[in-house]
Structure formats: structure tokens, C-alpha cells
Visitor: 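Supplied in C-alpha cells, the structure appears directly below.
Note that ligands are numbered from 1 as they come in the structure, with each ligand's atoms numbered from 1 the same way.
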Amino acid sequence: MWRVVVLVVVGLAVGEELPEDFVRCRQKDPNLNDCLKAAIPDALRKMRKGIPALAVPPLEPLLVAAINIHSGAGPVVLSQNYRHIQLHGLASTILTTYKADLPHYRLITNSMTPKMEFIADYVMKGRILVLPIQGKGIANVTMVNLVVKHDLIGEPVVRNGQTYMHIREYKVKFLPKRVYLHFTNLFNGDKRLGDQMNLFLNENSELVFNELKESYEKSLSSVFKNVTNTIFDKVPMNKIFIED
Ligand SMILES: *[C@@H]1O[C@H](CO)[C@@H](O)[C@H](O)[C@H]1NC(C)=O
Ligand SMILES: *[C@@H]1O[C@H](CO)[C@@H](O)[C@H](O)[C@H]1NC(C)=O
């Protein structure tokens, strides 16, 4: 009984550890950026089923409860509510560049995800160019060869004598090579109108996506921030970026 209590107290005081099979990178390594560039995609693959010990959710798929998007200006005026969102493909992400500025708690990286599928229950209503659109069904927004620019701005949080690198702001920019959009049950299930609209959306997917991009970026960056902080708020910074 006493032993359990002591272990728990010690565990809290020193913080959690990264899973043993994660690659460790050292802060003083002159090739720290290269080390992280390889270590992070490796960690993402190992997070496919989540990390129960750290309460990190599975990445394949990553479940998100809800995202509400209201775009009010320009050629696309649309209110979209997504529920039961599944993001598929994140665990296959690779990093193309990495720049860690640990003294300033800043991480800047570019990634490439070969195929990211965003599948969700949707309700939407609005107008795209001159066409009214409305529906309630299942949405599939698939981004192929998706380059993402990540900018993580952190700050030190000291707890029980340990410094944690809490991510305060997580900015992303999405640059997909191609976007495929598909919405089931548009126009109350009118198949002809629905098929036409899906065709139209895909023929104009670059324009449509550019109008919606900022909203997706804002919503998904907060998802990425949450996932990062589930690790960074539990594992002290010097156990993520090893101090010699
Ligand atoms: C979503 O759309 C992509 C591209 O058209 C397709 O490859 C994928 O199978 C679709 N996913 C689902 C769950 O329908
Ligand atoms: C992020 O986490 C906060 C706090 O746990 C939660 O309120 C919020 O809904 C989460 N956001 C997303 C997009 O998952």
C-alpha cells in the first residue's frame, strides 16, 4: 500500500517518460534537426493505436468531436457543421524540414502527408459561386500530397521543479497538391442535383478549397495542438529533447 503511494508521488514529481521505443534526440546534438526529422514520423507511426500510458488517442484514425466552419465572404458563403470526424492518413506523414529553436520554445517544420482523408457527418447550407448548396450526410474531403507548414510556439511551464514545453500557439498552412470533395445526400437526397454539385465541386476544387482552407487550418491546428500537448504537458521537456 505505502509503496504504491510513494511510486505515485515520485511519478508526479518527475513527470512521465516518452514510450521506450521512441527515438530520443539530444538538445546538444549538432544534427538535432535531422534527428527530429526522422524521430517524429517514426513516433507518429508508433502512435497509430495511441499511447494509453500517456492518454494519447489513436492517430489512425484521429477522432475529432466537432468542427463548425462559417465562411462569410467572397465566392463561397457557407456554414458547415461536422460531427464524428475521422482523420485518416496522419500516421504516414513524413517531415521534409525541421527547425528546432529550443531556447525560444519554437518548432518549425514542413510535413508531407501522401493522402489525408477527412470523413465526417456534415450539415451545410450556403452558396458556392452562384450555386446554392445544402445537405446533410457524409462528407469526404481528401487531400493528396498534402504539404503542411507547421509553426509551434511554446512556452515553459514549471511544475514540481520540472519544465514542460507547453504549446501555446500552433499555426498550420495546408498546401495540398489535389483536393477531392464528396458529399452524400445533398439537396435532401436529390441524386441528380447532388451528382452535379459533386462534379462541380471537384472541377473547381482548387477555388472551393482555397475559400475554405483557412477555416480547416484553424480547426485542424487546434486538433494538432491538443495532440502535441497531450505529450508535451505530461513529459518534461528534457525527456523529449534530452539534455546532456
Ligand atoms: C474518400 O475519397 C477518396 C478520394 O476520392 C477515396 O479514395 C476514398 O476511398 C474515400 N473514402 C471513403 C471513406 O469513402
Ligand atoms: C482541445 O482540448 C480542449 C481541452 O481539453 C478541448 O476543450 C477542445 O475541444 C479540444 N479541441 C479540439 C479541436 O479537439
Side-chain angles (χ1 to χ4, degrees), residues 41 44-50 56-71 75-76 78-96 110-129 131-150 172-224 226-227:
L44 292 176
R45 278 169 209 27
K46 289 169 179 162
M47 284 160 64
R48 271 178 206 280
K49 296 201 159 66
V56 175
L59 269 198
E60 267 328 320
L62 180 62
L63 304 180
V64 180
I67 292 180
N68 298 316
I69 295 176
H70 299 279
S71 86
V76 179
L78 204 54
S79 106
Q80 307 171 80
N81 302 299
Y82 295 103
R83 294 281 175 279
H84 307 125
I85 301 147
Q86 299 182 19
L87 292 175
H88 296 264
L90 287 173
S92 305
T93 298
I94 58 163
L95 299 188
T96 49
N110 288 353
S111 68
M112 211 286 287
T113 307
K115 184 177 177 190
M116 184 165 95
E117 285 178 53
F118 173 107
I119 312 289
D121 295 341
Y122 82 91
V123 180
M124 78 169 148
K125 192 171 171 41
R127 174 173 65 67
I128 294 183
L129 298 177
L131 300 179
I133 181 170
Q134 54 109 351
K136 180 175 189 298
I138 297 168
N140 175 348
V141 180
T142 294
M143 299 179 225
V144 173
N145 289 343
L146 171 65
V147 170
V148 183
K149 294 172 181 270
H150 309 250
V172 300
K173 287 265 166 258
F174 284 165
L175 304 158
K177 178 101 181 128
R178 179 82 169 86
V179 180
Y180 296 93
L181 301 146
H182 191 264
F183 296 91
T184 69
N185 203 47
L186 285 165
F187 307 107
N188 305 313
D190 183 318
K191 185 166 162 23
R192 195 181 54 86
L193 284 180
D195 288 350
Q196 277 175 9
M197 179 53 84
N198 276 309
L199 197 63
F200 173 81
L201 291 176
N202 284 290
E203 279 170 354
N204 298 281
S205 67
E206 202 173 325
L207 180 145
V208 172
F209 184 75
N210 273 334
E211 292 300 317
L212 300 173
K213 191 166 102 89
E214 220 176 298
S215 307
Y216 285 120
E217 286 169 346
K218 238 166 72 196
S219 306
L220 292 181
S221 65
S222 88
V223 173
F224 295 168
N226 272 10
V227 173

Visitor: Applying salt bridge (charged side-chain N to carboxylate O under 4.0 Å, His left out), can you list everything that pairs with K136, at least two apart in sequence or on another chain?
Guide: none
Visitor: Examine F209 together with F174 and report whether their ring centres are nearer than 6.0 Å.
Guide: no
Visitor: With sequence neighbours excluded, tell me which residues meet salt bridge (charged side-chain N to carboxylate O under 4.0 Å, His left out) with K46.
Guide: D42
Visitor: Hey, is E217 close enough to K173 for a salt bridge, meaning N to O under 4.0 Å?
Guide: yes
Visitor: List for me each residue that meets salt bridge (charged side-chain N to carboxylate O under 4.0 Å, His left out) alongside D121, sequence neighbours excluded, and say none if there are none.
Guide: none
Visitor: Does A91 offer a backbone N or O that forms a donor-acceptor pair with the side chain of R45 under 3.5 Å?
Guide: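 Flag set: sc R45 to bb A91 pair under 3.5 Å.
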Visitor: Collect the protein residues that have a non-hydrogen atom under 4.0 Å from ligand 1 and hand them over in chain and number order.
Guide: K115, E117, I119, N140, T142
